[in-house]
Each structure stands twice: as structure tokens, then as C-alpha cells.
Amino acid sequence: MSADNPERLQRITILGATGSIGQSTLDVVARHPERYEVFALTAHSRVSELAALCQRFHPRHVVVATAADAATLEQQLAGSRTEVHYGPEALTAVAEASETDAVMAAIVGAAGLLPTLAAVKAGKRVLLANKEALVMSGALFMQAVQRHGATLLPIDSEHNAIFQCLPGGFRCGGTGNAKAVERLLLTASGGPFRQWTFEAMQAATPEQAVKHPKWSMGRKISVDSATLMNKGLELIEACWLFGMSPERVQVVVHPESIIHSLVQYVDGSTLAQLGNPDMRTPIALGLAWPERIPAGVNALDLFATGQLNFEAPDEVRFPALRLAREAMQAGGCAPAVLNAANEVAVEAFLDRRLAFTDIPRVVEQTLTELPMMAADELSTILDADRLARVAAQRQLSKR
Ligand code: NAD
Ligand code: MG
């Protein structure tokens, strides 16, 4: 099918449609009614917002969390052609449905793993924003991409940048092993506490932590950006997507967030992708690749940008980076444990039950406590996730 003259519209499922990535995806989709239509939307809460999205985009299916939410939504959508469903099986069903061409995986956290994996196993074009799914199940996930011929497109801005800087023909989990690559440079804004002392960070509030200097994002990823756990999860994500060992992925703090990441080649070349910090750029690339379509993002103005700065991350104030690297090196279920403990700790911080600087402590203690488990079965990964949540909760009750 030629994308210039598509035989039919590409049907898109958006998992996590009410979130920050979900909304940006719908913004790009709405700019191209000649290319895309919405097949399904899902959300966990904010039913009225979801109803408004349904009235605007007319999906065939919509999925919410509970029967009560489904009943409310059905009332709000009375007379529309959208079918309302609820629960985890319905999430998986819209992700793997034969009528959908592409799935935007934009649920936050471990809850996204099963539907994202279902989309992969159904051989879809999968736009991966939900990094936690890949961090939890890395080897299994990438094997499934290969086995089922899915087209995996990284949406995380850094990984999308790296994908754009890799040799033509490179496919995540597929062909084009990037042998000529020496290492990947993963840029990080440094988050809102980049210049804070450890003592000041001890008293940081949720409001301060979610106020990201460069990106507007959901609350969980915003806290992860403040602890640098986001960059830790992204380091693990980069290893799986691009077949790299953690030693070959270097984190570079770049406060302007203009260079989204870089690839260094064996011949001394370094390739970078630059742009204004706006997730619609990677989303548009994910939707249209190998083509490019307008995303509603202004071109970069280098004169207005002026300066680009770089510094090494401080792993003493931000231990999350070290913890993630060590978890990747340890292998097995360690990344899943790291992720689950982090989700519990971040939630406790947002609820004001945990100090900001105790987030990495809870994660480290949980990693120390749990036995090493192999990650070759999905059931073991889900067990590790559950055990880590219990252990992390126990840590919280001790504090
Ligand atoms: P968000 O909190 O704004 O939105 C999350 C979405 O997931 C919402 O639609 C919510 O209803 C849904 N959801 C939450 N819990 C769920 C559950 N238990 N079951 C089903 N659905 C659930 O988050 P976001 O900022 O859009 O981030 C989404 C994902 O994309 C995360 O994994 C994040 O790390 C990743 N990501 C986000 C950005 C960004 O700029 N926001 C950038 C890179 C990667
Ligand atoms: Mg990112």
C-alpha cells in the first residue's frame, strides 16, 4: 500500500488516550484525516474527558477500567456508534484486534505490559511510549517483536532520536544490527532538581517534583525525571531496543533539551537529532515511518536557542541511574523489580507518605531483599512485579 495514496485509512488504537502522550497522539492524528482514523481509545479514569474524545474521534471501541465507569460512559455516549467495554481483557482485545493497524502504547507503568505485548504478538505497528513494559520484560518482548514480525517504533524522545540516527534499514528487534556504532549518548534534561543540594531535595514536595523545566508530562514520569529514574529506565530501554550493553550507553545531562540523543560511530562521527521539546515529533515519526508528516511542531530556531550545554550526571545525588544500570547488568527480573519498587515509591511520594530522596532507597532495598529470578517466562516476570510491590510496601511501613 502506498502511503501517498492509501487504499484505506490506517486504523489506530490508543492505549492511555487521556494521558499526555495519548492527547499528543490524537493531536497529530487529527491533523491527518486523510491517513488515519481512530479504531479504539482506552483510559483508566477521567471518563468525561474520554467521552469528549469519543464524540470528536468516533472510535469503534472504547475501554475503561470498571463496570461502573462503562455504565457512565454508555450514558454519555447514548446514540453513538462507539461500543463501550471495560477491564484488562478488553484492553488486550483492542490492542490485538485484526481491524487495527497501529497501537500507541501510552498507558503508564506495568499496567501497560499485557496489552502492549498483545499488540506485538499480533504483529502490529507498535508505537512504544510505555517504557515500563519493555523494562519489565526486555528479552521476552524483543523476541516477540522478532517472532511475530511487529514493527516497533520508539516514541520516547531519546530512543526516537537514536532510531533516526542509526543506519538506514535498522529495525528494532529485527534487521540491521548496528555494528558500526560505538556507543549511544542518551541526553537528560537533569530535571527540576538538577542544581539542588541533597538536603534541599530531602524536603522536595510533589508540586516541585512534577514541575518539569522542559517537558509537560504525566505525574509519574515527571517524578521519574526528577529522580533521574526516568533516565535509568531509558538506559534499560535503549539496551533492549538497540541491542547494546549498558556500558555502551552514556547519559549526558543537557539542560536545554534540544538534542534528544546521539549515536557515536566507530569512525569518529557523532550523529544527533535536534528539535523543540514536543512529543508530537516522535509520535508523528512513529505514525508515518518511513515517511514524515507535519506534526504541528515549529522548526527549531538555532539563533533563539543560542547555547547548548552538557554535563555529567551526579550519581551521588541521583542514585537511580546507578540502580538501573546495576539492575540491567544483573539481568533476569531485576529490571522488573526495580520498576515495580519505583512505581510503589513514586506513588507514596505523590501521596506525601515518602520523602523524595527515599524513593531510590526503597528501590535499592527492594532489589537487595528479593532473590534473583530468571525472566524467561511472562508468569515469572509478573510474579517478580507482585513480590517487589509487596516488599516495597513493607519498606514504606518501616519508614
Ligand atoms: P499520563 O499519566 O499522562 O497518562 C497515562 C494514561 O494511562 C492515561 O490515559 C490513564 O488513564 C492510563 N492508565 C493509567 N493507569 C492505568 C491502568 N492501571 N490501566 C489502564 N490504563 C491506565 O502518562 P504519560 O505522561 O502520557 O505517559 C504514558 C507513558 O508514556 C509512560 O510510560 C511514560 O513513561 C511514557 N512517556 C511519556 C512521555 C511524555 O512526554 N508524557 C515521554 C516519553 C515517554
Ligand atoms: Mg524520554
Side-chain angles (χ1 to χ4, degrees), residues 13-27 40-50 53 62-66 69 73 85-92 94-95 103-116 118 126-136 153-163 186-191 210 212 214-225 227-238 241 251 254 257 259-261 273 275-283 286 297 339 342-343 346-347 350 385 389:
T13 287
I14 303 177
L15 305 171
T18 50
S20 161
I21 292 287
Q23 308 249 1
S24 294
T25 306
L26 285 167
D27 182 282
L41 297 177
T42 86
H44 199 60
S45 54
R46 314 217 306 246
V47 174
S48 298
E49 271 173 54
L50 186 60
L53 294 177
V62 63
V63 183
V64 289
T66 63
D69 282 349
L73 190 59
H85 314 268
Y86 67 91
E89 286 82 18
L91 275 183
T92 298
V94 294
V103 175
M104 165 53 84
I107 290 175
V108 58
L113 175 60
L114 295 181
T116 305
V126 178
L127 282 67
L128 184 72
N130 180 204
K131 65 194 88 184
E132 296 92 342
L134 181 61
V135 166
M136 289 173 75
L153 292 156
I155 297 302
D156 221 339
S157 56
E158 298 77 2
H159 306 74
N160 192 274
I162 291 168
F163 181 75
L186 203 60
T187 54
S189 71
V210 301
H212 196 275
K214 291 289 168 191
W215 297 92
S216 151
M217 310 182 286
R219 282 161 67 79
K220 191 261 178 181
I221 184 177
S222 297
V223 176
D224 286 348
S225 298
T227 58
L228 290 203
M229 182 58 89
N230 182 49
K231 213 47 57 180
L233 298 174
E234 290 184 354
L235 186 148
I236 298 173
E237 185 185 12
L241 288 173
V251 173
H254 164 45
S257 297
I259 299 185
H260 299 305
S261 278
Q273 187 260 350
N276 289 316
D278 188 322
M279 289 307 292
R280 291 176 300 175
T281 297
I283 290 167
V297 180
N339 176 66
N342 181 57
E343 285 189 29
V346 169
E347 199 181 318
L350 285 170
D385 176 83
R389 283 169 201 271

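One-based numbering, in listed order, for ligands and for the atoms of each. Position 1 is the first residue of the sequence; numbering continues from there. Note that the structure is predicted; figures quoted are calculated from it, not measured.
From Ile283, atom CD1 reaches atom CG of Asn160 across 9.5 Å, with rounding to the nearest 0.5 Å. Here Ile155 contributes atom CD1 and Lys131 contributes atom NZ; the two are 11.5 Å apart, rounded to the nearest 0.5 Å. Here the straight-line distance linking atom CH2 of Trp215 with atom OG of Ser157 works out to 4.0 Å at 0.5 Å rounding.
Between the OE2 atom of Glu234 and the OD1 atom of Asp156, the angle centred on the Mg ion (ligand 2) amounts to 90° when rounded to 10°.
Summarising the local packing, CD of Gln23 is surrounded by more than 12 heavy atoms from other residues, nucleotides or ligands at distances under 6.0 Å.
Shown here for Thr116 and Val126, the closest heavy-atom pair between the two residues is CG2-CG1, 4.3 Å.
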Are there any N/O pairs under 3.5 Å between ligand 1 and the protein, and if so, what are their distances?
unit_1: ligand 1; atom_1: 3 (O); unit_2: Ser20; atom_2: N; d: 2.9
unit_1: ligand 1; atom_1: 9 (O); unit_2: Gly16; atom_2: O; d: 3.3
unit_1: ligand 1; atom_1: 9 (O); unit_2: Thr18; atom_2: N; d: 3.4
unit_1: ligand 1; atom_1: 9 (O); unit_2: Thr18; atom_2: OG1; d: 2.8
unit_1: ligand 1; atom_1: 9 (O); unit_2: Gly19; atom_2: N; d: 3.2
unit_1: ligand 1; atom_1: 11 (O); unit_2: Thr18; atom_2: OG1; d: 3.4
unit_1: ligand 1; atom_1: 11 (O); unit_2: His44; atom_2: N; d: 2.8
unit_1: ligand 1; atom_1: 19 (N); unit_2: His44; atom_2: ND1; d: 3.2
unit_1: ligand 1; atom_1: 25 (O); unit_2: Gly218; atom_2: N; d: 2.8
unit_1: ligand 1; atom_1: 26 (O); unit_2: Ser20; atom_2: N; d: 3.1
unit_1: ligand 1; atom_1: 26 (O); unit_2: Ile21; atom_2: N; d: 2.9
unit_1: ligand 1; atom_1: 30 (O); unit_2: Ala129; atom_2: O; d: 3.4
unit_1: ligand 1; atom_1: 32 (O); unit_2: Glu132; atom_2: OE1; d: 2.6
unit_1: ligand 1; atom_1: 41 (N); unit_2: Ser20; atom_2: OG; d: 3.2

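At least one side-chain heavy atom of Met229 sits under 4.5 Å from a side-chain heavy atom of Leu233. Between Glu237 and Leu128, some side-chain heavy-atom pair lies under the 4.5 Å cut-off.
Taking the Mg ion (ligand 2) as reference, Glu158 places its N/O/S atom OE1 nearest.
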